[in-house]
Amino acid sequence: MDKISLPKPDDWHLHLRDGQILESVIPATTRCFHRAIVMPNLIPPITTVDQALEYRHHIIEACPGDCGFDPLMTLYLTDLTTPDEVRRAAAEPHLHGVKLYPAGATTNSESGVTSLPDLMPTLEAMAETGLPLLVHGEVTDADIAVFDREAVFIEHVLEPLIEALPALKVVFEHVTTSQAVEFVKSAPANVAATVTAHHLLLNRNAMFKGGIRPHHYCLPVLKREQHRQALIAAAISGNSKFFLGTDSAPHPRSAKESACGCAGMYSAPVALEVYAQVFEDNGALDKLENFASRYGPRFYGLPVNSQNITLLRKDWQVPDTIQAGDEELVPLCAGETLSWRVQEEQ
Ligand code: NCD
Ligand code: ZN
(Lines give C-alpha, C1' and ligand atoms only; values in the text may rest on other atoms or scores of the structure.)
(Ligands and ions follow the chains in the order given, each with its own letter.)
Protein backbone atom coordinates (compact mmCIF):
# COMPACT_ATOMS: atom_id res chain seq x y z
CA MET A 1 0.00 0.00 0.00
CA ASP A 2 1.45 3.36 -1.06
CA LYS A 3 -1.40 5.64 -0.18
CA ILE A 4 -3.70 5.95 2.83
CA SER A 5 -6.77 8.18 2.82
CA LEU A 6 -8.56 8.80 6.08
CA PRO A 7 -10.90 11.35 7.63
CA LYS A 8 -8.75 14.29 8.76
CA PRO A 9 -7.38 13.25 12.18
CA ASP A 10 -7.53 15.27 15.40
CA ASP A 11 -4.82 15.72 17.99
CA TRP A 12 -6.28 15.05 21.42
CA HIS A 13 -3.31 16.52 23.34
CA LEU A 14 -1.33 19.46 22.00
CA HIS A 15 0.79 22.38 23.25
CA LEU A 16 0.66 25.40 20.96
CA ARG A 17 2.05 28.09 23.30
CA ASP A 18 1.29 31.72 22.37
CA GLY A 19 2.90 34.61 20.46
CA GLN A 20 5.82 33.88 18.14
CA ILE A 21 6.02 30.16 18.90
CA LEU A 22 2.29 29.72 18.28
CA GLU A 23 2.64 31.40 14.89
CA SER A 24 5.59 29.23 13.97
CA VAL A 25 4.13 25.88 15.05
CA ILE A 26 0.48 26.13 14.04
CA PRO A 27 0.93 25.21 10.32
CA ALA A 28 2.51 21.87 11.24
CA THR A 29 -0.65 20.95 13.13
CA THR A 30 -3.27 22.34 10.75
CA ARG A 31 -1.76 20.49 7.76
CA CYS A 32 -2.93 17.18 9.20
CA PHE A 33 -5.26 17.77 12.17
CA HIS A 34 -8.69 19.39 11.98
CA ARG A 35 -9.10 19.84 15.73
CA ALA A 36 -6.84 19.65 18.74
CA ILE A 37 -7.30 19.63 22.48
CA VAL A 38 -5.11 22.60 23.36
CA MET A 39 -3.22 22.42 26.63
CA PRO A 40 -3.62 25.36 29.03
CA ASN A 41 -0.14 25.39 30.60
CA LEU A 42 0.83 28.87 29.47
CA ILE A 43 2.47 31.39 31.78
CA PRO A 44 0.18 32.47 33.38
CA PRO A 45 -2.00 29.38 33.00
CA ILE A 46 -5.45 29.42 31.37
CA THR A 47 -7.68 29.07 34.43
CA THR A 48 -10.93 30.75 33.34
CA VAL A 49 -13.36 30.36 30.47
CA ASP A 50 -12.72 33.97 29.41
CA GLN A 51 -8.97 33.37 29.21
CA ALA A 52 -9.54 30.17 27.22
CA LEU A 53 -11.75 31.98 24.70
CA GLU A 54 -9.20 34.77 24.33
CA TYR A 55 -6.42 32.23 23.82
CA ARG A 56 -8.61 30.44 21.25
CA HIS A 57 -8.88 33.71 19.39
CA HIS A 58 -5.06 34.03 19.25
CA ILE A 59 -4.85 30.51 17.83
CA ILE A 60 -7.46 31.15 15.11
CA GLU A 61 -5.69 34.40 14.18
CA ALA A 62 -2.37 32.55 13.86
CA CYS A 63 -3.84 29.86 11.58
CA PRO A 64 -2.65 29.88 7.97
CA GLY A 65 -5.35 30.95 5.48
CA ASP A 66 -8.83 29.53 5.93
CA CYS A 67 -7.66 26.15 7.20
CA GLY A 68 -10.81 25.67 9.29
CA PHE A 69 -8.81 24.48 12.31
CA ASP A 70 -10.98 24.13 15.40
CA PRO A 71 -9.06 24.54 18.68
CA LEU A 72 -10.77 22.64 21.51
CA MET A 73 -9.94 24.57 24.65
CA THR A 74 -9.19 23.39 28.17
CA LEU A 75 -8.95 24.90 31.65
CA TYR A 76 -5.95 24.47 33.92
CA LEU A 77 -7.12 23.00 37.21
CA THR A 78 -5.70 24.79 40.26
CA ASP A 79 -6.42 24.52 43.98
CA LEU A 80 -8.80 27.46 43.45
CA THR A 81 -10.89 26.24 40.50
CA THR A 82 -14.54 26.53 41.49
CA PRO A 83 -17.53 24.35 40.59
CA ASP A 84 -19.06 27.48 39.03
CA GLU A 85 -16.16 27.90 36.61
CA VAL A 86 -16.53 24.23 35.67
CA ARG A 87 -20.24 24.76 34.96
CA ARG A 88 -19.44 27.81 32.85
CA ALA A 89 -16.89 25.74 30.91
CA ALA A 90 -19.31 22.86 30.42
CA ALA A 91 -21.88 25.27 28.98
CA GLU A 92 -19.40 26.83 26.54
CA PRO A 93 -19.15 24.90 23.23
CA HIS A 94 -15.45 25.70 22.74
CA LEU A 95 -14.40 24.23 26.12
CA HIS A 96 -13.79 20.48 26.18
CA GLY A 97 -11.88 19.53 29.29
CA VAL A 98 -10.09 20.48 32.50
CA LYS A 99 -6.42 19.60 32.81
CA LEU A 100 -4.97 18.19 36.01
CA TYR A 101 -1.28 18.85 36.50
CA PRO A 102 -0.07 17.67 39.87
CA ALA A 103 1.90 20.71 41.10
CA GLY A 104 5.53 20.39 39.96
CA ALA A 105 4.96 17.35 37.71
CA THR A 106 6.03 18.93 34.42
CA THR A 107 6.63 22.09 32.36
CA ASN A 108 4.60 25.06 33.69
CA SER A 109 2.83 23.00 36.34
CA GLU A 110 3.74 25.26 39.27
CA SER A 111 0.12 26.41 39.58
CA GLY A 112 -1.13 22.83 39.50
CA VAL A 113 -3.05 20.89 42.11
CA THR A 114 -1.51 20.24 45.52
CA SER A 115 -4.40 18.23 46.99
CA LEU A 116 -6.95 16.54 44.75
CA PRO A 117 -9.27 15.45 47.60
CA ASP A 118 -9.79 19.15 48.45
CA LEU A 119 -11.17 19.71 44.94
CA MET A 120 -14.04 17.22 45.31
CA PRO A 121 -16.87 19.75 44.74
CA THR A 122 -15.15 20.93 41.54
CA LEU A 123 -14.60 17.37 40.33
CA GLU A 124 -18.21 16.52 41.18
CA ALA A 125 -19.33 19.40 38.96
CA MET A 126 -17.27 17.89 36.15
CA ALA A 127 -18.81 14.46 36.67
CA GLU A 128 -22.31 16.01 36.68
CA THR A 129 -21.78 18.09 33.55
CA GLY A 130 -19.76 15.48 31.63
CA LEU A 131 -16.70 17.73 31.24
CA PRO A 132 -13.68 15.39 31.01
CA LEU A 133 -10.71 15.54 33.38
CA LEU A 134 -7.48 15.33 31.39
CA VAL A 135 -4.81 13.90 33.60
CA HIS A 136 -1.05 14.28 33.68
CA GLY A 137 -0.63 11.00 35.54
CA GLU A 138 2.55 11.27 37.55
CA VAL A 139 3.17 11.65 41.26
CA THR A 140 5.70 14.27 42.22
CA ASP A 141 7.22 12.80 45.40
CA ALA A 142 10.96 13.28 45.29
CA ASP A 143 11.49 9.81 46.77
CA ILE A 144 9.73 8.06 43.87
CA ALA A 145 11.98 7.36 40.89
CA VAL A 146 11.13 9.35 37.78
CA PHE A 147 10.51 6.12 35.87
CA ASP A 148 7.98 4.88 38.45
CA ARG A 149 5.90 8.04 38.81
CA GLU A 150 3.15 7.03 36.41
CA ALA A 151 2.65 3.57 37.88
CA VAL A 152 2.53 4.98 41.43
CA PHE A 153 0.05 7.68 40.34
CA ILE A 154 -2.40 5.00 39.22
CA GLU A 155 -2.48 3.44 42.68
CA HIS A 156 -2.27 6.60 44.75
CA VAL A 157 -4.49 8.95 42.77
CA LEU A 158 -6.38 7.51 39.81
CA GLU A 159 -7.88 4.38 41.33
CA PRO A 160 -9.27 6.24 44.37
CA LEU A 161 -10.52 9.07 42.13
CA ILE A 162 -12.44 6.77 39.81
CA GLU A 163 -13.86 4.86 42.76
CA ALA A 164 -15.05 8.10 44.37
CA LEU A 165 -16.45 9.55 41.13
CA PRO A 166 -17.42 6.66 38.85
CA ALA A 167 -19.22 8.96 36.39
CA LEU A 168 -16.24 11.30 35.84
CA LYS A 169 -14.90 11.16 32.28
CA VAL A 170 -11.13 10.80 32.48
CA VAL A 171 -8.44 10.90 29.80
CA PHE A 172 -5.18 9.44 31.06
CA GLU A 173 -2.94 11.59 28.88
CA HIS A 174 0.23 10.36 27.15
CA VAL A 175 0.36 6.90 28.76
CA THR A 176 3.87 5.51 28.88
CA THR A 177 3.77 2.24 30.81
CA SER A 178 2.26 -1.25 30.64
CA GLN A 179 0.64 -0.50 34.02
CA ALA A 180 -1.22 2.48 32.52
CA VAL A 181 -2.35 0.39 29.55
CA GLU A 182 -3.66 -2.36 31.83
CA PHE A 183 -5.38 0.16 34.08
CA VAL A 184 -7.18 1.88 31.18
CA LYS A 185 -8.20 -1.43 29.61
CA SER A 186 -9.79 -2.66 32.81
CA ALA A 187 -11.39 0.67 33.79
CA PRO A 188 -15.00 1.55 32.86
CA ALA A 189 -15.85 3.03 29.45
CA ASN A 190 -15.60 6.62 30.72
CA VAL A 191 -11.81 6.22 31.11
CA ALA A 192 -9.63 6.54 28.00
CA ALA A 193 -6.02 7.38 27.12
CA THR A 194 -3.97 9.26 24.56
CA VAL A 195 -0.77 7.80 23.14
CA THR A 196 2.01 9.96 21.69
CA ALA A 197 4.01 9.25 18.55
CA HIS A 198 7.29 9.60 20.41
CA HIS A 199 6.42 7.07 23.12
CA LEU A 200 5.48 4.62 20.34
CA LEU A 201 8.71 5.31 18.45
CA LEU A 202 11.37 5.53 21.15
CA ASN A 203 12.38 3.82 24.34
CA ARG A 204 14.50 5.40 27.05
CA ASN A 205 17.79 4.47 25.39
CA ALA A 206 17.05 7.28 22.93
CA MET A 207 17.89 9.81 25.66
CA PHE A 208 21.44 8.45 25.94
CA LYS A 209 22.40 7.38 22.41
CA GLY A 210 26.09 8.27 22.15
CA GLY A 211 25.67 11.05 24.71
CA ILE A 212 22.90 12.98 26.43
CA ARG A 213 20.08 13.83 24.01
CA PRO A 214 18.05 16.73 25.38
CA HIS A 215 15.57 16.69 22.50
CA HIS A 216 14.46 13.24 23.59
CA TYR A 217 13.64 14.41 27.11
CA CYS A 218 9.95 14.78 27.81
CA LEU A 219 7.53 14.04 30.60
CA PRO A 220 6.40 11.46 31.29
CA VAL A 221 9.94 10.38 30.50
CA LEU A 222 10.59 7.67 27.87
CA LYS A 223 10.40 4.19 29.36
CA ARG A 224 11.91 0.72 28.80
CA GLU A 225 11.31 -1.23 25.60
CA GLN A 226 8.77 -3.55 27.27
CA HIS A 227 6.59 -0.52 28.01
CA ARG A 228 6.93 0.80 24.46
CA GLN A 229 5.76 -2.60 23.25
CA ALA A 230 2.73 -2.42 25.56
CA LEU A 231 1.86 1.01 24.12
CA ILE A 232 2.14 -0.27 20.55
CA ALA A 233 -0.07 -3.24 21.40
CA ALA A 234 -2.69 -0.90 22.89
CA ALA A 235 -2.58 1.57 19.98
CA ILE A 236 -3.00 -1.13 17.32
CA SER A 237 -5.43 -3.25 19.32
CA GLY A 238 -8.60 -1.66 17.96
CA ASN A 239 -9.64 -0.80 21.53
CA SER A 240 -11.42 2.55 21.21
CA LYS A 241 -10.11 3.71 24.61
CA PHE A 242 -6.70 4.43 23.06
CA PHE A 243 -6.44 7.31 20.62
CA LEU A 244 -4.02 9.82 19.14
CA GLY A 245 -2.61 12.68 21.21
CA THR A 246 0.81 13.95 20.14
CA ASP A 247 1.77 15.99 23.22
CA SER A 248 3.80 18.02 20.73
CA ALA A 249 5.49 20.47 23.10
CA PRO A 250 7.78 23.03 21.41
CA HIS A 251 10.57 24.70 23.36
CA PRO A 252 13.27 27.00 21.96
CA ARG A 253 16.45 25.07 21.22
CA SER A 254 18.28 27.20 23.79
CA ALA A 255 15.91 26.00 26.53
CA LYS A 256 16.36 22.34 25.54
CA GLU A 257 20.14 22.40 25.04
CA SER A 258 20.97 23.65 28.49
CA ALA A 259 22.47 22.46 31.78
CA CYS A 260 18.86 22.04 32.93
CA GLY A 261 17.00 21.36 29.70
CA CYS A 262 13.23 21.49 29.86
CA ALA A 263 10.82 18.66 29.09
CA GLY A 264 8.90 18.39 25.84
CA MET A 265 9.34 17.09 22.30
CA TYR A 266 8.23 19.09 19.30
CA SER A 267 6.61 16.36 17.23
CA ALA A 268 3.87 18.10 15.21
CA PRO A 269 5.91 18.32 11.95
CA VAL A 270 6.31 14.52 11.87
CA ALA A 271 3.72 13.08 14.23
CA LEU A 272 1.15 11.65 11.84
CA GLU A 273 3.92 10.26 9.65
CA VAL A 274 5.56 8.59 12.67
CA TYR A 275 2.26 7.04 13.79
CA ALA A 276 1.81 5.67 10.24
CA GLN A 277 5.35 4.24 10.31
CA VAL A 278 4.86 2.56 13.68
CA PHE A 279 1.49 1.10 12.68
CA GLU A 280 3.00 -0.19 9.42
CA ASP A 281 6.06 -1.66 11.15
CA ASN A 282 3.65 -3.59 13.34
CA GLY A 283 1.46 -4.79 10.48
CA ALA A 284 -1.48 -2.65 11.54
CA LEU A 285 -1.88 0.16 9.00
CA ASP A 286 -5.56 -0.82 8.79
CA LYS A 287 -5.94 0.24 12.45
CA LEU A 288 -4.56 3.77 11.94
CA GLU A 289 -7.84 5.38 10.83
CA ASN A 290 -9.79 4.45 13.94
CA PHE A 291 -6.92 5.46 16.22
CA ALA A 292 -6.26 8.78 14.48
CA SER A 293 -9.69 9.84 13.26
CA ARG A 294 -12.56 8.02 14.99
CA TYR A 295 -11.95 6.94 18.59
CA GLY A 296 -11.11 10.43 19.87
CA PRO A 297 -14.31 12.06 18.56
CA ARG A 298 -16.28 9.11 19.89
CA PHE A 299 -14.95 9.64 23.41
CA TYR A 300 -15.40 13.42 23.33
CA GLY A 301 -18.89 13.15 21.79
CA LEU A 302 -17.96 15.00 18.58
CA PRO A 303 -18.51 14.10 14.92
CA VAL A 304 -15.80 12.47 12.83
CA ASN A 305 -14.33 15.07 10.45
CA SER A 306 -15.88 15.11 6.99
CA GLN A 307 -12.74 16.28 5.18
CA ASN A 308 -10.18 13.60 4.15
CA ILE A 309 -6.40 13.66 4.03
CA THR A 310 -3.96 11.39 2.24
CA LEU A 311 -0.65 9.95 3.39
CA LEU A 312 1.73 8.98 0.60
CA ARG A 313 4.65 6.58 0.75
CA LYS A 314 7.43 8.97 -0.08
CA ASP A 315 10.87 9.38 1.45
CA TRP A 316 11.52 12.86 2.79
CA GLN A 317 14.02 14.40 5.10
CA VAL A 318 12.87 16.09 8.28
CA PRO A 319 14.47 19.53 8.65
CA ASP A 320 17.17 19.90 11.31
CA THR A 321 15.48 22.98 12.72
CA ILE A 322 12.38 25.11 12.27
CA GLN A 323 12.67 28.86 12.72
CA ALA A 324 10.48 30.57 15.32
CA GLY A 325 11.38 34.25 15.15
CA ASP A 326 14.85 34.58 16.65
CA GLU A 327 14.68 31.08 18.10
CA GLU A 328 15.02 27.65 16.57
CA LEU A 329 12.89 24.59 17.29
CA VAL A 330 14.31 21.13 16.82
CA PRO A 331 11.60 18.71 15.69
CA LEU A 332 11.33 15.04 16.55
CA CYS A 333 13.31 12.97 13.99
CA ALA A 334 15.33 16.06 13.00
CA GLY A 335 17.50 15.29 9.95
CA GLU A 336 16.10 11.75 9.61
CA THR A 337 14.37 10.25 6.58
CA LEU A 338 10.74 9.22 7.03
CA SER A 339 8.82 7.07 4.59
CA TRP A 340 5.28 8.46 4.85
CA ARG A 341 4.24 12.01 4.17
CA VAL A 342 0.94 13.85 4.40
CA GLN A 343 -0.06 15.08 0.96
CA GLU A 344 -0.18 18.85 0.76
CA GLU A 345 -3.61 20.23 0.06
CA GLN A 346 -4.09 21.12 -3.60
C1 NCD B 1 4.90 19.55 28.19
C2 NCD B 1 5.21 21.03 27.94
O3 NCD B 1 6.33 21.32 27.53
O4 NCD B 1 4.33 21.87 28.09
N5 NCD B 1 6.13 18.83 28.29
C6 NCD B 1 6.29 17.51 28.09
O7 NCD B 1 7.39 17.00 28.32
N8 NCD B 1 5.33 16.74 27.63
C9 NCD B 1 4.05 19.42 29.40
C10 NCD B 1 3.46 18.03 29.57
O11 NCD B 1 2.57 17.64 28.81
O12 NCD B 1 3.90 17.31 30.46
ZN1 ZN C 1 1.39 17.68 27.30
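The structure presented is a predicted model; accordingly, all values stated were derived computationally and were not measured. As the structure lists them, so they are numbered: ligands from 1, and atoms in each ligand from 1. In this chain, residues are counted from 1 in sequence order.
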ask   = Is E92 paired with R56 through a side-chain N to carboxylate O contact shorter than 4.0 Å?
value = no
request  = Taking 2.8 Å as the upper limit, name the protein N, O or S atoms near the Zn ion (ligand 2).
outcome  = H13 NE2, H15 NE2, D247 OD1
query = Between H13 and H15, does the ring centroid distance fall short of 6.0 Å?
reply =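 That pair passes the under 6.0 Å test.
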query = Taking the six-membered ring for Trp, are the ring centroids of H216 and H198 within less than 6.0 Å of each other?
reply = no
inquiry  = Checking S5 against N308: is there a side-chain donor and acceptor pair closer than 3.5 Å?
reply    = no
key: Pair K223, T177: side-chain N/O donor-acceptor within cut-off below 3.5 Å   =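 On atom types as modelled, these side chains do not qualify, holding no pair under 3.5 Å.
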ask   = With distance as the sole test, does D315 use its side chain to make a donor-acceptor pair with the main-chain N or O of T337 at under 3.5 Å?
value =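 Looks like no, no N/O pair under 3.5 Å.
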inquiry  = Main chain of P220, side chain of E150: is a donor-acceptor contact present, judged purely on distance under 3.5 Å?
reply    = no
remark   = Near ligand 1 (heavy atom, under 4.0 angstrom), the protein residues are H13, H15, R17, N41, T106, T107, H136, H174, C218, L219, D247, A249, H251, A263, G264
task = Please list, chain by chain and in numerical order, all residues satisfying side chain to side chain contact (heavy atoms under 4.5 Å, CB included) with S109, sequence neighbours excluded.
result =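 Counting only residues at least two positions away or on another chain, S109 forms a side chain to side chain contact (heavy atoms under 4.5 Å, CB included) with Y76, Y101, T106.
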Please table the atom pairs, donor to acceptor, closer than 3.5 Å between any side-chain atom in residues 200-208 and protein atoms at least two apart or in another chain.
| residue | atom | partner | partner atom | Å |
| --- | --- | --- | --- | --- |
| N203 | OD1 | N205 | N | 2.9 |
| N203 | ND2 | E225 | OE1 | 2.9 |

